[in-house]
Amino acid sequence: MPNEEPSGWAAMDELRVEQPDAIDVLWYPKKRLYLKPFLGKAIDLAGAARELGIRKNAMSYWIDRLLEVGLIREVHVERRPRHKVRFYRCVADKLRVGLMNAPLASYEDVFENFHSRWKQHALTALAESLERQSSELELCITSSDTSGVFSTIMPKPGSSLRDDFIYYWARLWLTEAERAALQAEMDALYDKYAALSNRNAKREQVLVHLIQVPEGWRTARNRNSGAA
């Protein structure tokens, strides 16, 4: 059967979204999931529902919602023997939302979204590493000025074990120049090994998570001392 094709429209390569209702959909992971079937391709209701593993009536609601806020549009209609099948596509292949427009009570939610994607992978890998080395490791517990009790994993006395992972949380007190140097060195280290990464040719799979962020203004100790 012939298709009914709207003329003169194509999805944009990139779009900065500023409409509040559209931003509300894009910002929250559980809502923007429903946009996934329409990114980079045209798809009908049944296909979108199948891709997300949800009922067609639920997908129908989200198609109406995405149309309403302007994130998708109908791109063509296929005429079948007994009915018409409408196909939809996201208005752009890449969508951008300025953080200043984000409907957040706290910007911490931004990082929680990224963190949740990798957390379980990292925890599983760390647990497997501890299991491999468990005969040479001990849980060490001592007192702490800040939390009351401090615990860490250490090799047994006299052990020659070298961990096959790195896991550090630390608070450092540095000058601004030293902090900038630390950031530059961490960036360079990541860039060096990211350039060596080859999924098809190398078998050793490694998770890497780097964090370095100025914290002084948030800590009670530094606020009370007047530090910037």
Applying salt bridge (Lys or Arg N to Asp or Glu O under 4.0 Å), run through Lys84 and Glu78 and close with a yes or a no.
-> CA-CA 6 Å; Lys84 296 179 180 180; Glu78 288 188 3; over 6 Å; no
Please report the C-alpha distance between Ile23 and Val69 in whole Å, then the side-chain angles of each, then the deciding distance to 0.1 Å, and finally whether the side chain to side chain contact (heavy atoms under 4.5 Å, CB included) criterion is met.
-> CA-CA 9 Å; Ile23 290 173; Val69 302; over 6 Å; no
Minimum heavy-atom distance between Leu45 and Met59, given as atom pair plus value = O-CG, 3.8 Å
Would you find more than 12 non-hydrogen atoms of other residues, nucleotides or ligands less than 6.0 Å from Lys94 atom NZ?
-> no
Met186 CE: over 12 foreign heavy atoms closer than 6.0 Å = yes
Any ring pair (Phe, Tyr, Trp, His ring centres under 6.0 Å) pairs touching residues 46-67, not counting sequence neighbours?
-> Tyr34-Trp62
Contacts of type side chain to side chain donor-acceptor pair (under 3.5 Å), residue Thr175, not counting sequence neighbours = Glu178
Could you walk me through whether Gln212 and Arg179 pass side chain to side chain donor-acceptor pair (under 3.5 Å), step by step?
-> CA-CA 9 Å; Gln212 182 279 132; Arg179 186 205 64 77; 3.3 Å; yes
Could you tell me the separation between the CH2 atom of Trp27 and the CZ atom of Arg32, rounded to the nearest 0.5 Å?
-> 7.5 Å
Leu139 atom CG, neighbour heavy-atom count above 12 within 6.0 Å | yes
Any Arg132 side-chain heavy atom under 4.5 Å of Asp164 side chain | yes
Connected via hydrophobic side-chain network under 4.5 Å: Trp169 and Val213 = yes
Mark yes or no for whether Lys56, through its side chain, and Ala48, through its backbone, hold a donor-acceptor pair below 3.5 Å.
-> no
Check the pair Phe165, Leu207 against side chain to side chain contact (heavy atoms under 4.5 Å, CB included), reporting the backbone distance first and the verdict last.
-> CA-CA 9 Å; Phe165 68 91; Leu207 283 177; over 6 Å; no
Rounded to the nearest 0.5 Å, how far apart are CD1 of Ile141 and CZ of Phe150?
-> 11.0 Å
Where is the tightest heavy-atom contact between Leu39 and Asp93, given as atom of each residue plus distance?
-> CD2-O, 4.2 Å
Find out if a path of hydrophobic residues (ILVMFWY) with successive side-chain heavy-atom gaps under 4.5 Å connects Leu189 to Leu182.
-> no
Does a sphere of radius 6.0 Å around OH in Tyr167 hold more than 12 heavy atoms from other residues, nucleotides or ligands, not counting ones at 6.0 Å or beyond?
-> no
Does Glu74 come within less than 4.0 Å of Arg86, counting only side-chain N to carboxylate O?
-> yes
Considering only NZ, NE, NH1 and NH2 on the basic side and carboxylate oxygens on the acidic side, decide whether Arg16 and Glu18 come within less than 4.0 Å.
-> yes
Note: Lys31-Asp24 ion pair, threshold 4.0 Å (strictly below) | yes
Looking only at heavy atoms, which two atoms of Val208 and Leu210 are closest? And how far apart?
-> CG1-CG, 4.0 Å
Are Val206 and Tyr190 connected in a single hydrophobic cluster, I mean Ile/Leu/Val/Met/Phe/Trp/Tyr linked by side-chain heavy atoms less than 4.5 Å apart?
-> yes
Side chain to side chain contact (heavy atoms under 4.5 Å, CB included) between Leu35 and Val25: does it pass, once the steps are laid out?
-> CA-CA 9 Å; Leu35 185 65; Val25 171; 5.8 Å; no
Give, for atom CZ of Arg65 and atom CD1 of Ile72, the distance between the pair rounded to the nearest 0.5 Å.
-> 12.0 Å
Is it true that the side chains of Thr124 and Gln120 contain a donor and an acceptor less than 3.5 Å apart?
-> yes
Take atom CG in Asp191; do more than 12 heavy atoms of anything else shown fall under 6.0 Å from it?
-> yes
Might you point out which heavy atoms bring Pro37 and Ile43 nearest each other, and give the distance in Å?
-> O-CG2, 3.5 Å
Compare every heavy atom of Ala22 with every heavy atom of Val17, then report the nearest pair and how far apart it is.
-> CG1-CB, 3.6 Å
Asp44 versus Tyr88: any side-chain heavy-atom pair under 4.5 Å?
-> no
Single-linkage hydrophobic cluster Leu95~Leu99, side-chain heavy atoms < 4.5 angstrom | yes
Do the side chains of Met154 and Ile166 join up, straight or via other hydrophobic residues, at under 4.5 Å, putting them in one cluster?
-> no
Taking every non-hydrogen atom, the tightest pair across Gly70 and Val91 | O-CG1, 3.5 Å
Would you sort out whether His83 and Val85 count as a side chain to side chain contact (heavy atoms under 4.5 Å, CB included), showing the intermediate values?
-> CA-CA 7 Å; His83 64 286; Val85 178; 3.5 Å; yes
How far does CH2 of Trp9 sit from NE2 of His76, to the nearest 0.5 angstrom?
-> 11.5 Å
NZ/NE/NH1/NH2 to OD/OE distance under 4.0 Å, Arg96 and Glu14 | yes
Output yes when Glu185 and Lys192 qualify as a salt bridge under the 4.0 Å nitrogen-oxygen rule, no when they do not.
-> no
Backbone of Glu131 reached by a side-chain donor or acceptor of Ser134 within 3.5 Å | yes
What's the spacing between Glu138 CD and Ile153 CD1 if we round to 0.5 Å?
-> 9.5 Å
Under 3.5 Å, side chain of Arg89 to main-chain N/O of Ala42, donor-acceptor pair present?
-> no
Measuring from Ile211:CD1 to Tyr168:OH, what's the distance to the nearest 0.5 Å?
-> 15.0 Å
Main-chain N/O of Cys90 paired to Lys41 side chain as donor or acceptor, under 3.5 Å | no
